[in-house]
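Throughout, protein chains are lettered first and strands after them, A, B, ... in sequence-line order, and every chain is numbered starting at 1. The basis for the numbers below is simple: all heavy atoms, side chains too, and nothing from hydrogens, waters or symmetry mates.
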There are 2 protein chains.
Amino acid sequence: MERAFLKHYIKSQGLRQSSRRDRIVETFFKVKGHTTAEELLGQVRKKDKLVGLTTVYRTLKLLTQCGLAVERKFDRKGASFEPAQAGEHHDHLICLECGTILEFENKNIESLQEAVAREHGFIISRHILELYGTCQECSGKTRKNSKKK
Amino acid sequence: MERAFLKHYIKSQGLRQSSRRDRIVETFFKVKGHTTAEELLGQVRKKDKLVGLTTVYRTLKLLTQCGLAVERKFDRKGASFEPAQAGEHHDHLICLECGTILEFENKNIESLQEAVAREHGFIISRHILELYGTCQECSGKTRKNSKKK
DNA sequence: TTTAGTGCAAACTCTTTGCAGCTAA
DNA sequence: TTAGCTGCAAAGAGTTTGCACTAAA
């Protein structure tokens, strides 16, 4: 699905096909969830040792520009990228201990956001909602074994 | 108020007082709202031309460590800092056209966030909610004069 | 006097860009 | 053949660190 769209987009922009890029794209969509450029490079290199980080960045930029990927800045240093499921929106629960990222969606929260925006005369085009804390597994660990890193 | 707390914190950590740092702190709390290190440097230099960016960074780090400031990463390149009003929490409406940042607080949204977290077994320690869009003034401009940027 | 504070320059991290060779169309 | 794709090295942007000097306590 994304494949066809991307192919069309590439043609429409006068760009060319490339197997290197195809592999990066394929890997990006296969690795579910959030990836950094470095992580994605690692995955891609399992199949093609010669790929460079530059190409990964360029491919992620292309995916972001054509709307197939979204760039996010969580607390960590670099940017994270994730596939943009068309029309679907979700927010994130981020565990500060193990780094796990869970996704959720809550229509009620979104309605309240709209209401807040209206009160201030704002028109929302997108939003970021990130809940940082401790996931179930880590808070279990903490209870059993309370020495923290 | 922050002054006294900071003074106490500095003493408790075996640090020393410094008029340079005092001026940065004072300026940081005077300039209401969000500031980047560069912006704060500009403000501080109005009174003291010899302050260095390094010292601003170090002071912001100190303020963040002792809990008097919070670091945020909005869409722009660098980090923003803002005073952390004790106990009070607020979220942000960010205009993508003019960069205005409005603050708001909504207890209902926060309750829903807690509910979502509970569902996933998460314990929230903090959260980020940023609504990006167009502010009242800019959407007015757009209507009157619809060429954008 | 000891040791934190400071500015400067250099280092560092993440990301982008310039360049020369490679390759799809 | 033309012009996009690629890796490498270098450049950028934001931030931190090493160092020598200054100045609180």
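Whole-Å rounding puts the B:Asp22 CG to C:dT6 C1' distance at 14 Å. Here D:dC8 presents its C1' atom at 13 Å from CG of A:Leu50, a figure rounded to the nearest Å. C:dA24 atom C1' lies 17 Å from atom CD of A:Gln13, rounded to whole Å. In this structure, NZ of B:Lys11 is placed 15 Å from C1' of C:dA4, rounded to the nearest angstrom. Rounded to an integer number of Å, the gap from B:Leu62 CG to C:dT6 C1' is 14 Å. Note: NZ (B:Lys49) to P (C:dC8) measures 14 Å, nearest angstrom. Atom pair A:Arg20:CZ and C:dC22:P shows a separation of 13 Å (rounding to whole Å applied). Rounded to an integer number of Å, the gap from B:Leu60 CG to D:dG14 C1' is 13 Å.
Pairing each heavy atom of A:Arg20 with each of A:Asp48, the nearest pair is NH1-OD2, 2.8 Å. Closest approach of A:Ile24 to A:Val51, counting heavy atoms only: CD1-CG1, 3.9 Å.
Qualifying side chain to side chain donor-acceptor pair (under 3.5 Å) partners for B:Arg23, counting only residues two or more places apart in sequence or in other chains: none. The ring-ring contact (aromatic ring centres under 6.0 Å, His included) search around B:His127 returns B:His89, not counting sequence neighbours. Every residue two or more places apart in sequence or in another chain that forms a ring-ring contact (aromatic ring centres under 6.0 Å, His included) with B:Phe74 is listed here: B:His34, B:His92.
At C:dG5, one or more side-chain N or O atoms of B:Arg21 fall inside 4.0 Å of OP1 or OP2 (strictly under the cut-off).
The hydrophobic cluster of B:Leu50 has no other members, since no ILVMFWY side-chain heavy atom comes under 4.5 Å of it. Other residues sharing the hydrophobic cluster of B:Leu93, ordered by chain and number and joined by side-chain separations under 4.5 Å: A:Leu93, A:Leu102, A:Phe104, A:Ile109, A:Leu112, A:Val116, A:Phe122, A:Ile124, A:Leu129, A:Leu131, B:Leu102, B:Phe104, B:Ile109, B:Leu112, B:Val116, B:Phe122, B:Ile124, B:Leu129, B:Leu131.
Along DNA chain C, the nucleotide nearest to B:Gly14 and the one nearest to B:Gly52 differ in position, and the one closer to the 5' end is contacted by B:Gly14.
Among residues at least two apart or in separate chains, there is no salt bridge (Lys or Arg N to Asp or Glu O under 4.0 Å) pair with a member in residues 49-69 of chain B. The side chain to side chain donor-acceptor pair (under 3.5 Å) analysis of residues 115-124 of chain A, with sequence neighbours excluded, yields no pairs.
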Tabulated below should be each protein N or O lying under 3.5 Å from an N or O of nucleotides 13-16 of chain C; please produce it.
residue	atom	partner	partner atom	Å
C:dT15	OP1	A:Ala79	N	2.8
C:dT15	OP2	A:Tyr57	OH	2.2
C:dT15	O5'	A:Tyr57	OH	3.1

Problem - Reading 5' to 3' through nucleotides 20-25 of chain D, protein heavy-atom contacts under 4.0 Å coded B for base, S for sugar-phosphate only, - for none - result: ---BBS
